[in-house]
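Remember, it's 1-based here, ligands and their atoms both numbered in the order they're listed. The basis for the numbers below is simple: all heavy atoms, side chains too, and nothing from hydrogens, waters or symmetry mates. Residues take their numbers from the sequence shown, with the count starting at 1.
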Amino acid sequence: MSPIPITLTRHIIQTQAAHPGATGEFSSLMAQIGLVGKMIASDLRRAGLINILGTTGATNVQGETVKKLDEISNDAFLKVFQYSGLVCALASEEMEKPVQLPENWPHGKYMLLFDPLDGSSNTDVNMPLGTIFSILKHDGKGLPLESELIRKGTQQVAAGYVMYGSSTMLVFTAGRGVHGFTLDPGIGEYYLSHENIQIPAKGQVYAANEGNTQKWPDGARKFLDYLKTKDKQTGRPYSARYSGCLVADVHRVLLGGGLYLYPAEVDKPEGKLRLLYEANPLAMVVEQAGGKASTGTMRILDVEPKSLHQRVPLLIGSKNDVALAEDFILGRK
Ligand code: FBP
């Protein structure tokens, strides 16, 4: 008889068992994140049939047009967590302020920050999408203030993403390695498919919106030219692979090596991506797999955040590739 595949819940209970004092709250929280992933995956699979493509007509705190699927994905988190008793704060890319949880309702010790649907430009064209989450612990009494969610990435207790590609995968770390689970839609269960993922130290692909290179500082442009220059010994030129979805591009380099870069621009030194619920969680995952995540000049997880929706330049992937990019950006190359 073939071995029983390891489910997400069993995996978490097993790893939690190694931790005296574990209350099971974390495994319940992760199981609920898995549920949100299933709800969103189910909608995405039928999106073209149930009139949920297109926009809502509203604009979010980022100044972006809100897609119906952005709203539906955000609602899935609220429906699952608002009255779950597992969290004491919820903050999202789609909401200016954290959700005000009811004072008189039981709440847990975890604070959950998330990008409910990453890759919004892909929603209506059936291209890959993702969900990104960051988990912090609230040590204080009562409900936290917004300022208590604004913390360095090194303080995350867990982080990860759900990728909606040819299959749906949940990939996360709780600080003890990175593990990937594939959803079996027939059973509705996540099974361990990628245990202890290790990212190669160097890759052969890069993911970047090259349409922006004219806006990049010299160092970043020189780095891209370097990657495109033929040199057998260093495995160049690298291949360009840009999907329009950060989660999908990071997932590719996590498994095969290489890097994703959305660097600072001359007129936009803060870059595009959001620190607290895009860059920090992916940086924790990639670092736990042996990779590196940088702003171009410093480690993402050491960035001292100032606001909930703060943006940051992001270079993330194989440690040798990201280190080399830093050398070019800092003018050391
Ligand atoms: P959203 O979370 O709003 O989708 O923004 C992030 C993102 O879509 C990433 O997934 C993607 O890598 C990048 O922005 C695409 O930006 P651009 O369209 O400028 O290349």
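For Thr168 and Arg45, the side-chain atoms include at least one donor-acceptor pair closer than 3.5 Å. Tyr277 and His309 form a side-chain donor-acceptor contact under 3.5 Å, judged by distance and modelled atom types alone. For the residue pair Glu189/Thr7, the side-chain donor-acceptor check at 3.5 Å is not satisfied. One side chain, Arg274 or Gln62, offers a donor N or O that lies under 3.5 Å from an acceptor on the other.
The ligand atoms of ligand 1 that sit less than 4.0 angstrom from a heavy atom of Leu246 are 9 (C), 10 (O), 11 (C), 12 (O). The atoms of ligand 1 that sit less than 4.0 Å from any heavy atom of Asp115 are 2 (O). Each of the atoms 3 (O) of ligand 1 lies under 4.0 Å from some heavy atom of Glu64. Set against the non-hydrogen atoms of Gly244, the atoms of ligand 1 under 4.0 Å away are 8 (O), 10 (O), 11 (C). Of all the atoms in ligand 1, the ones that sit under 4.0 Å from a non-hydrogen atom of Glu278 are 2 (O), 5 (O), 6 (C). For ligand 1, the atoms closer than 4.0 angstrom to any heavy atom of Asn209 are 17 (P), 19 (O), 20 (O). Heavy-atom proximity to Ser120, at under 4.0 Å, picks out these atoms of ligand 1: 1 (P), 3 (O), 4 (O).
When only interatomic distances are considered, the shortest N/O to N/O separation between Asp249 and ligand 1 does not fall below 3.5 Å. Considering backbone and side-chain atoms alike, Gly119 places an N or O below 3.5 Å from some N or O of ligand 1. No N or O atom of Asn212 sits closer than 3.5 Å to an N or O atom of ligand 1.
When only non-hydrogen protein atoms are considered, atom 16 (O) of ligand 1 lies nearest to Lys272 NZ, 2.9 Å. Summary of contacts: the protein heavy atom closest to atom 5 (O) of ligand 1 is Arg274 NH2, 3.1 Å. Nearest protein heavy-atom neighbour of atom 3 (O) of ligand 1: Glu93 OE2, 3.2 Å.
The side-chain tip of Arg241 does not point at the ring of Tyr206 from less than 6.0 angstrom away and within 45° of straight on.
Applying the ring pair (Phe, Tyr, Trp, His ring centres under 6.0 Å) rule to pairs touching residues 48-84 yields Phe77-Phe114, Tyr83-Trp105, sequence neighbours excluded.
Atoms CG and CD, from Asp321 and Gln204 in turn, are 9.5 Å apart once rounded to the nearest 0.5 Å.
Residues Leu276 and Leu314 share a hydrophobic cluster, clusters being chains of Ile/Leu/Val/Met/Phe/Trp/Tyr side chains in contact below 4.5 Å.
Under 4.0 Å from ligand 1, the heavy atoms of Leu273 that appear belong solely to its side chain.
Taking the six-membered ring where tryptophan is involved, the planes of Phe172 and Phe181 are essentially parallel, since the angle between them stays under 30° and well short of 60°.
For Val99, the side chain to side chain contact (heavy atoms under 4.5 Å, CB included) criterion is met by Leu78, Gln82, Leu90, Met95, Leu101, not counting sequence neighbours.
Considering only non-hydrogen atoms, atom 19 (O) of ligand 1 lies nearest to Tyr262 out of Tyr242, Tyr260, Tyr277, Tyr262.
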